[in-house]
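In this chain, numbering begins with 1 at the start of the sequence shown. If you're wondering where the values come from, they're calculated on a predicted model, not measured in any experiment.
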Amino acid sequence: MIIADFFIRHRGCYPALGEATVPRFNRQGLAAYAAGSLAALLIPGIPPVNGIVAAFLVYTCLVRLT
């Protein structure tokens, strides 16, 4: 989720630490984490890769749509 947040939401450049606002909860991140966990459990193949790819895709969709 950190990698997806860096590349998708912040486009490869985090703001300076003094200027950053940090939300209490990143709901899109939590939802994508849950989706990645389910994908790792349910989709056949290599579970860690399935989870990372699914979480990245779900996070990207949620950030773009909201």
Side-chain angles (χ1 to χ4, degrees):
M1 298 320 328
I2 295 170
I3 295 169
D5 186 62
F6 180 71
F7 285 114
I8 302 303
R9 182 172 287 188
H10 296 287
R11 303 189 192 258
C13 183
Y14 278 131
L17 194 55
E19 301 169 1
T21 58
V22 180
R24 293 186 72 153
F25 291 102
N26 184 343
R27 294 175 190 205
Q28 293 101 345
L30 292 173
Y33 183 83
S37 297
L38 286 174
L41 289 172
L42 301 176
I43 298 174
I46 304 169
V49 174
N50 294 342
I52 291 170
V53 170
F56 193 92
L57 292 174
V58 168
Y59 186 78
T60 301
C61 291
L62 290 174
V63 167
R64 300 278 184 198
L65 295 175
T66 58

*asked:* So, taking the atom named CG in L57 and the one named CG in L62, what distance separates them when rounded to the nearest 0.5 Å?
replied: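 So the CG of L57 and the CG of L62 are separated by 11.0 Å.
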_Counting only heavy atoms from other residues, nucleotides and ligands, does the tally under 6.0 Å from CD1 of I46 exceed 12?_
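No, CD1 of I46 has 12 or fewer neighbouring heavy atoms, counting only those of other groups under 6.0 Å.
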*Would you mind listing every side-chain hydrogen bond (donor to acceptor under 3.5 Å, both in side chains) that reaches into residues 29-56, with sequence neighbours excluded?*
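For residues 29-56: none.
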*If two hydrophobic side chains count as joined below 4.5 Å and joins carry through other members, does V53 share a cluster with F56?*
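No.
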*What are the two closest non-hydrogen atoms of G36 and A54, and how far apart are they?*
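That closest heavy-atom pairing would be CA-CB, 4.3 Å.
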